Structure formats: structure tokens, C-alpha cells
Amino acid sequence: MDPLDALRAVVGGQHVLTGADAEPSLTDWRERYSGQALAVVRPGSTEEVAAVVRLCAQHSIPIVPQGGNTGLCGGATPDQSGAALVLSLLRLNAVRSMDLDNDTMEVEAGCVLQAIQQTARDAGRLFPLSLAAEGSCTIGGNLATNAGGTQVLRYGNMRELALGLEVVTPQGEIWHGLRGLRKDNTGYDLRDLYIGSEGTLGIITAATLKLFPLPVAQCTALLALGSMGDAVAMLTQARHSLGAALTGFELMAGDCLADVVRCFPQQRLPFEGESSHWPWYALLELSDSESEAHARERFEVVIGAAIESGLVQDAVIAESVAQSKALWHLRESIPLAEKESGKSIKHDVSIPVSRMDEFVTGTNAALKKAFPGIRHVIFGHLGDGNLHYNVARGPSLSEAELLGCQYDVYELVHDCVHAVGGSISAEHGVGQLKRDVLPRYKDPVELALMHRIKAALDPDGLMNPGKVLTSD
Ligand code: FAD
Ligand code: ZN
């Protein structure tokens with residue numbers, strides 16, 4: 001039987017999309033990568049996923065798993081050959097169960113992150129993963145990329161938020177690994193291997209997620225800072241004074257906020273005059289188990305001391321939930337403002353916090369010298385040592401000129417990251433964007449082990465080929 005007809009027999013004709021129906025799944029969110037596919041197939045259960053994978057194995061059809069298609073490294077986009085099948089998990093969107101005494105929930109891979117946050121909240125629990133794409137990214141994509149976001153400082157990234165997985169292997173078997181255990185030392189940790197594997201080792205169909213108590217109150221503050229050194233010193237001070245109550249510490253360059261206000265005029269900085277022109281701003285979030293008044297009081301003490309010592313130039317502590325939301329909205333709008341402003345060269349890097357100042361100062365200077373027309377767009381999760389160190393064009397540079405030097409810019413920035421002991425991918429993954437530069441920075445033994453794992457689990461190389469590792 002023709003493979004497409006066989007697929008239709010498994011999932012139903014209306015769930016095998018071709019032509020214009022398949023189009024939205026063939027380009028990535030940044031519109032940087034575009035590909036072709038045999039079809040986009042949308043199975044409705046784990047058993048159907050397994051049947052699709054077995055069929056593909058039989059016909060040697062490569063599979064590109066896809067969730068919300070919000071990934072930033074081209075991991076969910078097929079190549080130009082048209083040989084691959086895009087396997088969308090969006091119909092696997094059930095919350096299978098909740099175990100409140102165990103503080104866990106079992107959910108399918110296609111559940112949208114925001115829906116899972118809400119389901120947890122409705123049950124009086126917190127599912128803490130939070131990121132700007134939460135309205136459309138899926139739990140499966142979050143797991144496959146080991147997503148981070150704004151709460152990692154307190155709760156960890158996706159790897160720390162999942163206790164168990166259900167996976168369809170490249171051979172079409174189903175691994176039933178949905179354990180809700182916080183301790184399980186029975187051999188190799190396949191869960192941690194699959195998390196962050198970007199669809200190259202199999203398809204995640206469901207997960208057991210960790211839940212946490214809902215904080216009674218949250219308070220947000222925006223600080224104006226004179227230098228990266230001050231930002232790092234403030235992070236250290238806030239961590240020591242607030243401990244686990246500090247649940248967010250986001251850094252934004254003043255230029256990023258200026259872009260947000262320019263692109264979205266309904267948004268405003270809560271500062272006036274001089275205070276709206278500092279080089280850096282930090283957004284702090286405090287989660288409290290007592291009350292809003294208690295949260296504010298704790299913030300006032302810590303931030304008050306920092307202002308007095310000259311570490312912080314100005315500060316606004318949100319007076320209401322609405323004001324907190326408005327402050328977070330500024331932060332979350334940065335990637336959108338960046339997209340509105342045209343193409344940019346993005347780096348998602350991880351740096352030891354102690355070397356952050358040295359990295360930013362040194363790299364900014366080296367870039368300006370080598371590429372005089374560029375502009376920095378720097379923001380990120382300083383609490384985790386994770387910067388989105390992006391490079392855009394200044395007025396003297398055209399978009400084509402900027403993109404013309406992108407590989408040289410990548411190399412300069414990534415070499416600087418490597419020199420301070422950092423990583424070239426903090427939270428977005430490797431996908432196709434960083435596949436070819438990985439060997440330059442990854443320990444050769446580690447990289448060889450990764451190739452051996454890939455060959456052992458997916459000997460025919462049909463799982464998301466050309467992503468993370470080169471296919472040869
Ligand atoms: P997709 O884009 O569909 O897929 C991503 C990768 O996972 C691909 O390699 C794909 O093949 C694979 N995959 C997807 N589902 C499965 C599955 N079920 N089984 C196996 N493999 C699968 N990331 C962060 O970590 N922190 C942030 O703060 C953050 N902010 C973002 C803000 C914006 C505006 C955007 C657009 C993205 C942001 N991201 C961030 C990127 C982030 O990786 C994604 O938003 C999200 O984790 C991917 O989920 P998705 O369902 O869209 O996956
Ligand atoms: Zn991020």
C-alpha cells in the first residue's frame with residue numbers, strides 16, 4: 001500500500017495533511033527555516049503514534065516530531081527534500097490524571113503549557129514552567145528542548161520538573177515510563193536522556209510532571225541599574241536575603257525596553273526622566289507563603305538597602321497584580337519587539353554568573369570593533385546565568401549586510417562564551433541552527449558518546465535527522 005494511504009488508514013484521512021494544509025508546519029516561528037514534507041500527520045493516541053512510527057520504519061521515512069512549532073533552533077522544521085513526515089503531537093492533549101497527595105500530574109505531550117499551568121492552578125497547585133511562548137508551546141516540545149524560562153532560578157528547568165515519561169521508540173515500541181517517583185535508582189536514567197534530545201531519539205507522548213504549592217502572594221519589582229557588575233551584585237544580594245522566595249531575576253538592557261515601548265506604544269516604562277535611560281533593568285519576582293503585604297515588606301527592605309548603598313539607581317515595586325502583570329508584560333514583549341524590528345542574530349548562552357560582567361564587557365567591545373554597524377539586544381534570565389545575547393542592525397547597516405556577517409558574529413560570540421567556560425545553548429537547544437558549530441565547542445569524547453547513543457537507539461537514523469548531530 002502507498003505509505004500515505006497506510007497512514008490515512010491509521011489516523012484517519014482528515015489527519016494526514018498535505019498541500020496548503022501542511023504549510024504552517026513547514027516554517028519555523030522565526031521564519032528562518034522552511035522545508036518540505038511528505039505530509040503532516042496528526043495521530044490521536046500513543047498507539048497511533050507507535051503505528052505511524054512502525055510504518056515509517058518499514059518505508060524508511062524520516063520523522064520530524066512537532067509540538068507548538070515555537071522552537072527557536074529549527075528543530076521542528078523538515079529539510080527541503082520532502083522525504084520526511086512531520087508528526088504533530090497536538091491531538092494528544094489530555095490531562096490523564098492528577099495525584100495531589102503525590103503532587104504530580106500525568107499529561108499528554110500535545111498539551112499547551114498555559115493550559116497545564118491553569119489546570120494545576122485550578123487544583124490549587126503550581127506548575128512553574130513559564131515562558132513567553134506558553135500560549136502555544138507544548139509539554140512535549142518543552143521536554144524535547146529541556147525548556148527553561150523565567151522560574152528556573154527557583155524550580156529548575158524542564159528536566160527537573162518531569163518525573164516520568166512515555167516514549168515511542170524509533171522502532172515503534174512504547175516505553176511506559178510514567179513513574180511519579182522522586183527517587184528511583186534502578187540503572188541508567190533514560191528519562192533524562194530523552195529530555196533535551198530534540199526528537200532525535202524517539203517521540204515523547206506523555207509525562208508525569210511535578211507540582212508545587214501555589215504561593216499565597218507574589219510581588220514584582222523593576223530595578224534600574226548602572227552596570228552589569230551592579231546587576232550581578234544585586235542578584236547575589238537578593239539571593240542571600242530572600243533565599244527560595246526569590247523566584248525570578250530577569251535582566252533587560254535599557255535598549256530592549258526602549259524597543260518594546262516603541263513597537264507597542266500602549267506599554268510604558270514605570271520610570272520618568274533620567275530613570276528611564278539606565279543601561280540595565282532587572283525584573284525581580286518574590287513568591288511568599290504569607291501575604292502580599294509581607295512580600296512587599298521583604299522587597300522594601302532588600303531594595304531599600306540596595307538603593308542606599310548605590311547598587312540600584314531607582315526602583316518600582318508593583319502596587320497591584322495588574323501592575324505586576326504590566327511589568328512582566330514588558331519583559332515578555334522583548335522577543336516580539338525584536339521580531340517586529342527585523343531579523344537579528346541570536347545567541348542563547350549560558351555563562352557562570354561570576355564571569356558575566358567580563359563576558360558582556362569583552363564581547364560587546366570585540367563585536368563593535370569587528371562589526372561597527374551592529375546594535376546589541378541583550379536580555380535574559382540572569383538568575384540562571386542565561387543571556388539572550390542578540391545582535392541587530394544599527395541604522396547604518398542593511399538587513400542583508402547584517403545577515404551577511406552572521407556566521408562571523410556567531411563565531412566571535414561563541415568563542416567568547418567558550419573562553420569563559422559557558423555553553424552555546426542554554427535553553428533553546430541545538431536543532432539545525434547550532435548543529436554544525438557544536439563540534440567546535442563540545443568535548444570530543446562527549447560528542448563521540450552522543451553519536452554512539454544515537455546510533456544505538458536509532459540505527460536507521462530516521463528520528464529527526466540532521467538535528468543536533470550531523471547525520472554522517
Ligand atoms: P516545537 O517547536 O514544535 O519543537 C521543538 C523541538 O522539540 C523540535 O526539535 C521537535 O522535533 C521536538 N519535539 C517537539 N515535540 C516533541 C515530542 N513530543 N517528542 C519528541 N520531540 C519533540 N524556550 C525556553 O527554554 N525559555 C524561554 O524563555 C523561551 N522563550 C520563548 C519565547 C518565544 C516568544 C518563543 C517563540 C520561543 C521561546 N522559547 C523559549 C523556545 C522554546 O524552545 C519553545 O517555546 C518550546 O519549549 C518548544 O515547544 P514547542 O511545542 O513549540 O516545540
Ligand atoms: Zn529565555
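Each ligand, and each atom within it, is numbered from 1 in the order the structure gives. If you're wondering where the values come from, they're calculated on a predicted model, not measured in any experiment.
Against a heavy-atom cut-off of under 4.0 Å, N464 is close to the following atoms of ligand 1: 9 (O), 11 (O). In summary, the atoms of ligand 1 found under 4.0 Å from a heavy atom of G202, numbered by their order in the structure, are 20 (C). Listed by number with element, the atoms of ligand 1 under 4.0 angstrom from any heavy atom of G199 are 20 (C), 21 (N). Close approach of ligand 1 to L72 is summarised as follows: ligand atoms under 4.0 Å from at least one heavy atom of the residue are 36 (C), 37 (C), 38 (C), 39 (N), 41 (C). Annotation for ligand 1: atoms under 4.0 Å from non-hydrogen atoms of H381 are 28 (O). Close approach to E198 involves these atoms of ligand 1, each under 4.0 Å from a residue heavy atom: 9 (O), 11 (O). Listed by number with element, the atoms of ligand 1 under 4.0 Å from a non-hydrogen atom of T138 are 49 (O), 50 (P), 51 (O). Heavy-atom proximity to A147, at under 4.0 Å, picks out these atoms of ligand 1: 25 (O), 47 (O).
A salt bridge links D259 with R375: the distance from a Lys NZ or Arg NE/NH1/NH2 to an Asp or Glu carboxylate oxygen falls below 4.0 Å.
If you take CZ on R30 and NZ on K346, they are separated by 5.0 Å, rounding to the nearest 0.5 Å. In this structure, CD on E338 lies 12.5 Å from OG on S333, to the nearest 0.5 angstrom. Summarising the geometry, atom SG belonging to C219 is positioned 10.0 Å from atom CG belonging to L284; distances are rounded to the nearest 0.5 Å.
A side-chain N or O of D357 and one of T361 form a donor-acceptor pair less than 3.5 Å apart. A donor and an acceptor atom, one from each side chain of S287 and T247, are located under 3.5 Å apart. Side-chain contact annotation: S34 with T27, donor-acceptor N/O pair under 3.5 Å present. No side-chain donor-acceptor contact under 3.5 Å links Q151 and S130. Side chains of Y389 and D348: a donor-acceptor N/O pair is absent below 3.5 angstrom, by distance only. With hydrogens and angles left out, the side-chain atoms of E166 and T205 include a donor and acceptor closer than 3.5 Å. Judged by distance alone, the side chains of E173 and T169 do bring a donor and an acceptor atom under 3.5 Å apart.
Every N/O-N/O distance between Q66 and ligand 1 stays at or above 3.5 Å. For ligand 1, the polar-atom distance check against E427 finds a nitrogen or oxygen pair separated by under 3.5 Å. By the 3.5 Å distance cut-off applied to N or O atoms, G71 is counted among the residues near ligand 1. Taking only nitrogen or oxygen atoms, main chain and side chain alike, T145 reaches within less than 3.5 Å of ligand 1. Among the atoms of N146, none of the N or O lies under 3.5 angstrom from an N or O of ligand 1. At least one N or O atom of I204 sits closer than 3.5 Å to an N or O atom of ligand 1. For the pair N69 and ligand 1, the shortest N or O to N or O distance falls below 3.5 Å. The N/O atoms of G68, backbone and side chain alike, include one that comes under 3.5 Å of an N/O atom in ligand 1. Looking at P65 next to ligand 1, an N or O pair under 3.5 Å apart turns up. Between L89 and ligand 1, not a single N/O pair is under 3.5 Å apart.
Distances from atom 35 (C) of ligand 1 to the heavy atoms of A133, G149, G196 show the closest one on A133.
Put simply, E427 gets within reach of the Zn ion (ligand 2), with an N, O or S atom under 2.8 Å from it. When distances to the Zn ion (ligand 2) are checked against a cut-off of 2.8 Å, H381 contributes an N, O or S atom below that limit.
Under 4.0 angstrom from ligand 1, the non-hydrogen atoms of H428 all belong to its side chain.
Protein heavy atom at the shortest distance from atom 44 (C) of ligand 1 is T70 OG1, 3.1 Å. Nearest protein heavy-atom contact of atom 4 (O) of ligand 1 is A76 CB, 3.7 Å.
Residue contact check for ligand 1: R30 places no non-hydrogen atom closer than 4.0 Å to it. Under a 4.0 Å heavy-atom criterion, A426 is not in contact with ligand 1. Heavy-atom distances between G431 and ligand 1 stay at or above 4.0 Å for every pair.
With S423 contributing its side chain and A426 its backbone, the two residues share no donor-acceptor pair below 3.5 Å. Without hydrogens or angle criteria, N386 side chain to V349 main chain gives a donor-acceptor distance under 3.5 Å.
Ring to ring, H388 and H347 are not that close: their centroids are 6.0 angstrom or more apart.
In summary, of the residues considered (L92, L89, L113, N93), a side-chain contact (heavy atoms from CB on, under 4.5 Å) with I139 occurs for L113 alone.
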